[in-house]
Amino acid sequence: MNNPKRYLITSALPYANGLKHIGHLAGAYLPADIYVRYLKAQKRDVVFVCGSDEHGTAIPIQATKEGTTARAIIDKYHPVMAQNFKDLGIAFDIYHRTSDPIHHSTAQEFFTRLNDNGDLEIKETEQYFDEEANSFLADRYIRGTCPNCGYTNAYGDQCENCGKSLSPDELINPVSTLSGKAPVKRTTKHWYLPLNRHEDFLRNWILKEHASDWRSTVVGQCKSWIDGGLQARAVTRDLDWGISLPDSVEGGKGKVLYVWFDAPIGYISATKQWALDNGKDWRPYWEDKETQLVHFIGKDNIVFHCIIFPVMLKLHGNILPDNVPANEFLNLEGDKMSTSRNWKLEMQDYIDDFINKENGGSQMADVLRYYLTLIAPETKDSEFTWKGFQEANNSELVSIFGNFVNRALVLMHKLCKGKVPPLHADLLTDLDKTTIAEFQATKEKVESLLEQYKFRDALFEVINLARTGNQYMQKKEPWIVAKQTTENGQLTVDAQQSIDNTLHICLQLCANLAVLINPFLPFTARKICYLLKVVDKMLDWENAGKIKLLSVGYSLRAPELLFRKIEDSEISYQLEKLQASIVDREASDVNKEKIMEEEKKSETSNLKPEIVFDDFAKIDLRVGTIVSAEKVEKADKLLKLSVDLGFETRTIVSGIALHFTPEEIIGKQVTVVVNLAPRKMRGIESNGMILMAEDNAGKLYFIKPEEAIDRGSTVS
RNA sequence: GGCGAGGUAGCUCAGUUGGUUAGAGCACAGGAUUCAUAACCCUGAGGUCACGAGUUCAAAUCUCGUUCUCGCUACCA
């Protein structure tokens, strides 16, 4: 969109169940903030919204973990996250929260409109129900054995141990965390968003219209989803934490909006609240086609912001995003960042260790902003290393940028009496002119790159201008020129004029640097303004490229350093701290194992319901011998076995391929449930089930007779 | 297993529609300098563009295969 009337910029709503790390910052918040600061410096009409995502089942779960209420959890994390962003210079126009009444009403209205228009479908499904607690169970309230790694305490939506995402049906031996009992299946009614109806729209909109201006990772992932077949997606849940369905909806009692549905609507309600606070009208931002909507997110959020939310917006009659510049992931010191594995650098930790220290201050926020922009995962996963952080600071921010500003000010005080020297226009050399021309050239490059969301390259251009400044100063050598004195020790007129021109240009360059660096390093830009004794208004983007930002004869402040060096000791401290967190984690693993053991014990007292002998007798167990085994094609975990039971040889499909190779199990005797109803897996009919035992580590063992016995022997 | 993104100098990354000797910054080496935070400036070294075929006058770039990393997704009685 060329020259839109107004901009609406969003950053992914962080989930209010814990502190966020610098991967989140680099992915969704920092680039958005840079973009917004750039637009605002251009005096564009722009609103930057974000807020805490406070619904979903992880919140009450976290509450249980911390022994408190869901409300207390969000009230605890929301202000901390808001403060973290503020400390790091992320300047949202509003940092809202989805627990706010205005959000509840907005989300309910949104649902109602879609429902009234017939854009939702209602389906009845079976879901796990806890009879004792008299409640349907959200995925997170069901725990059981992970089918992937055998971890016995996996959640219904994801296994914390191996990270695999699950559905409750996949869990082995599911247990309700409310009562500790095994849940039962019960029918329930839910509203669905039929994405499948919108395939043509999505194909056209993403794969055609935005094939070239969206990032390839984003288009690729969307294509993958669309080609995979779009499914109707449940919009409601049986849960008590979240946004209730409107009372007017029949059969909606006890149900809430699924968090994925309400969260992005949070962008809208945040805009409403901002408008209320500022006496504005929120509607044009979401309804006028001349608004450019941009969502900044991490790659894990692509599907929601490019497929699901746009469908919702279209149905509801809102504008669609103009771009969704999703970032890839940021790794840390050679490994993926992960909250559960404790391998991370939280914003709070950085703030504590670098900003809120004696030698810290908000300049240190800019250092992090600088390095994260430098290594931003714009096209592929990238890596944060403490060594890289130190080098970026010491050899670029300190040595090139900070040093240029400092030497310009120091020389000015020494050679120009602390005042901005005049510019003798008739004496400008070619070098002076080309250097001045660089101001404007850099401005244009930065603009062009920022508008393509290429933040890393844009920042490089600014630093490069500082580098140009150093080169310029080196060639002009004002400190040498200052030695051209007359016999009585006075500086010659020529020499003074040369020095005047050189330093005038260097100082104007400093002012330009402040304007250009402002979107990236806002604290630094303001500090330069302070040193140059100009008001922040100078930072308006239209001033970039100009040579008349500072008035001749104006006296400036004594130089102060913009950045300090980061010592080796600070880096090694951080590395040790990171290593220590793993040790902690291992210690907590030991605890986890203890917990698991205790849970195992409690499982023995929490057995499955009692059955009578007849129930057991229904099961026909036989001993058989595996005569052949092969991997099932297109399945990682399945082996197709032929088992000789004496009276017949059967085909049985078993999910043990990750534990055993076909060769090593041929000839083994096994125990088989022979009267289990046949079931097709990956197109192959399985006629029975091999009995396996599983240890704490998730390792599988065959249940078999101590000595080889006749095939077909019964087991009872 | 399927799909998507990626693999380019020691490190972090660029390489537009295939077109001379593949680029930048940092780190490294040598030189110069001293206004400046042992900073700056100049010069240099460095890469079988993951691997193997193919198309072409010409391939980092296009096609096919192999392999590794990350993400999404399927199979688990």
Side-chain angles (χ1 to χ4, degrees), chain A residues 145-148 150 164-166 169-172 215-229 298-300 302-303 326 328-329 331 336 371 374-385 387-388 391-392 394-400 402-415 454 456-457 460 463-464 466-467 469-482 499 502-503 506 559-565 631-639 652-658 673 676-684 686 688-692:
Chain A
T145 302
C146 172
N148 188 45
K164 185 177 165 52
S165 53
L166 303 167
D169 290 339
E170 296 176 82
L171 286 180
I172 300 159
R215 289 183 180 170
S216 59
T217 46
V218 174
V219 176
Q221 175 132 174
C222 291
K223 183 174 190 303
S224 172
W225 252 67
I226 297 170
D227 287 348
K299 68 174 166 183
D300 50 340
I302 288 174
V303 166
E328 303 288 294
F329 285 164
N331 293 331
K336 280 189 279 188
Y371 182 53
L374 202 68
I375 60 166
E378 290 177 9
T379 54
K380 54 186 164 189
D381 289 357
S382 65
E383 179 147 336
F384 181 104
T385 63
K387 187 94 184 114
E391 280 174 359
N394 291 359
S395 60
E396 292 175 36
L397 277 183
V398 173
S399 301
I400 295 173
N403 184 42
F404 173 73
V405 173
N406 187 48
R407 66 197 295 209
L409 284 167
V410 168
L411 275 172
M412 185 269 303
H413 275 90
K414 283 188 180 171
L415 305 179
K454 293 186 175 175
R456 185 178 49 213
D457 294 345
F460 174 81
I463 296 299
N464 213 30
R467 186 173 280 119
N470 278 319
Q471 290 165 346
Y472 170 73
M473 201 181 275
Q474 201 70 30
K475 285 179 191 153
K476 298 278 291 195
E477 297 183 309
W479 53 91
I480 302 284
V481 175
I499 290 172
T502 301
L503 286 175
C506 284
E560 284 175 36
L561 297 182
L562 291 179
F563 302 102
R564 68 169 178 87
K565 289 226 163 196
K631 274 217 68 176
V632 175
E633 264 183 49
K634 297 181 183 180
D636 290 347
K637 293 170 195 164
L638 298 184
L639 287 185
I652 296 176
V653 179
S654 184
I656 57 174
L658 293 179
V673 182
L676 193 67
R679 177 171 162 141
K680 267 199 176 178
M681 280 179 272
R682 282 271 114 185
I684 302 165
S686 177
M689 171 178 161
I690 312 273
L691 294 190
M692 306 292 291

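Worth knowing before you read on, the calculation uses all heavy atoms, side chains too, and leaves out hydrogens, waters and symmetry mates. Quick note on labels: first sequence line is chain A, next is B, and so on, each numbered from 1.
Comparing rA14(B) with rA9(B), their P atoms sit 12 Å apart, to the nearest whole Å. Across rC49(B) and rG15(B), the matching C1' atoms stand 10 Å from one another, rounded to whole Å. Between rU56(B) and rA50(B), the distance separating the two P atoms is 23 Å to the nearest Å. For the P atoms, the distance linking rC28(B) with rA39(B) amounts to 9 Å, nearest Å. A gap of 13 Å separates the P atoms of rA60(B) and rG52(B), to the nearest Å. Spacing of C1' atoms, rA77(B) relative to rG4(B), comes out at 33 Å, to the nearest Å. Comparing rU67(B) with rC51(B), their P atoms are spaced 16 Å from each other, to the whole Å. Rounded to a whole angstrom, the distance from the P atom of rA58(B) to that of rG19(B) is 14 Å.
Rounding to whole angstrom units, CG of residue Leu411(A) and C1' of rC40(B) are separated by 12 Å. As rounded to whole Å, 7 Å separates atom P of rA77(B) from atom CE of Met689(A). Rounded to an integer number of Å, the gap from CG of Asn403(A) to P of rA36(B) is 10 Å. Atom P of nucleotide rC35(B) and atom CD of Gln474(A) are separated by 11 Å, given to the nearest angstrom. The nearest whole Å value for the distance from the NZ atom in Lys336(A) to the C1' atom in rG71(B) is 9 Å. We find that CD1 of Ile463(A) is positioned 11 Å from C1' of rG25(B), with the value rounded to whole Å. Rounded to a whole Å, the CD atom of Glu391(A) is 6 Å from the P atom of rA27(B). Atom P of nucleotide rC41(B) and atom CZ of Phe404(A) are separated by 11 Å, given to the nearest angstrom.
In this structure, Ala408(A) and Cys506(A) approach most closely via the heavy-atom pair CB-CB, 4.1 Å. Considering all non-hydrogen atoms of both residues, Lys476(A) and Val481(A) come closest at O-CG2, 3.6 Å. Residues Asn331(A) and Lys336(A) share a closest heavy-atom pair of OD1-CA, 3.6 Å. Scanning both residues, Ile375(A) and Glu383(A), for their nearest heavy atoms gives CD1-O, 3.6 Å.
In a base pair of the Watson-Crick type (N1 to N3 plus N6-O4 or O6-N4) or a G-U wobble (N1-O2 and O6-N3), with each distance short of 3.5 Å, rU16(B) is matched with no nucleotide. Applying the Watson-Crick and G-U wobble criteria (two distances, each under 3.5 Å), rU21(B) pairs with nothing in any strand. The nucleotide rA77(B) finds no pairing partner, because no Watson-Crick or G-U wobble arrangement with both distances shorter than 3.5 Å includes it. A 3.5 Å limit on both hydrogen-bonding distances identifies no Watson-Crick or G-U partner for rU37(B). If you check rA45(B) for Watson-Crick or wobble pairing at under 3.5 angstrom, you find it has no partner at all. Using Watson-Crick or G-U wobble geometry with both donor-acceptor distances under 3.5 Å, rG6(B) finds its partner in rC68(B).
Within the structure, every side-chain polar atom (N or O) of Gln471(A) is placed at least 4.0 Å from both OP1 and OP2 of rC40(B). An OP1 or OP2 oxygen of rC26(B) is reached within less than 4.0 angstrom by a side-chain nitrogen or oxygen of Arg467(A). Residue Lys380(A) has no polar side-chain atom (N or O) positioned under 4.0 Å from OP1 or OP2 of rU69(B). Contact annotation: Lys565(A) side-chain N/O to rA39(B) OP1/OP2 distance is under 4.0 Å. Within the structure, every side-chain polar atom (N or O) of Thr385(A) is placed at least 4.0 Å from both OP1 and OP2 of rU12(B). Using a 4.0 Å cut-off, some side-chain N or O of Arg456(A) falls inside it from OP1 or OP2 of rA14(B).
As judged by a 4.0 angstrom heavy-atom cut-off over every strand, Phe563(A) is placed among the base-contacting residues. As judged by a 4.0 angstrom heavy-atom cut-off over every strand, Leu562(A) is placed among the base-contacting residues.
Side-chain atoms of Ser395(A) lie closest to rA27(B) of the nucleotides rG71(B), rA27(B), rC40(B). Of all nucleotides listed (rG6(B), rC72(B), rG25(B)), rC72(B) comes nearest to the side chain of Trp225(A). Closest approach to the Asn406(A) side chain among rC72(B), rC70(B), rA36(B) is made by rA36(B) (side chain taken as heavy atoms from C-beta onward).
No donor-acceptor distance shorter than 3.5 angstrom exists from the side chain of Asn394(A) to the backbone of Lys565(A), with no hydrogens or angles considered.
Projected onto RNA chain B by closest heavy-atom contact, Lys223(A) and Leu561(A) fall at different nucleotides, the more 5' of which corresponds to Lys223(A). Comparing Glu396(A) and Val410(A) against RNA chain B, the residue whose closest nucleotide sits nearer the 5' end is Glu396(A).
When side chains are defined from C-beta on, Lys454(A) does not count as touching Phe460(A), because their heavy atoms never get closer than 4.5 Å.
For the atom pair Lys299(A) NZ and Glu328(A) CD, the distance stands at 4.0 Å (nearest 0.5 Å).
A donor atom on one side chain and an acceptor atom on the other are not found under 3.5 Å apart for Asn470(A) and Arg467(A).
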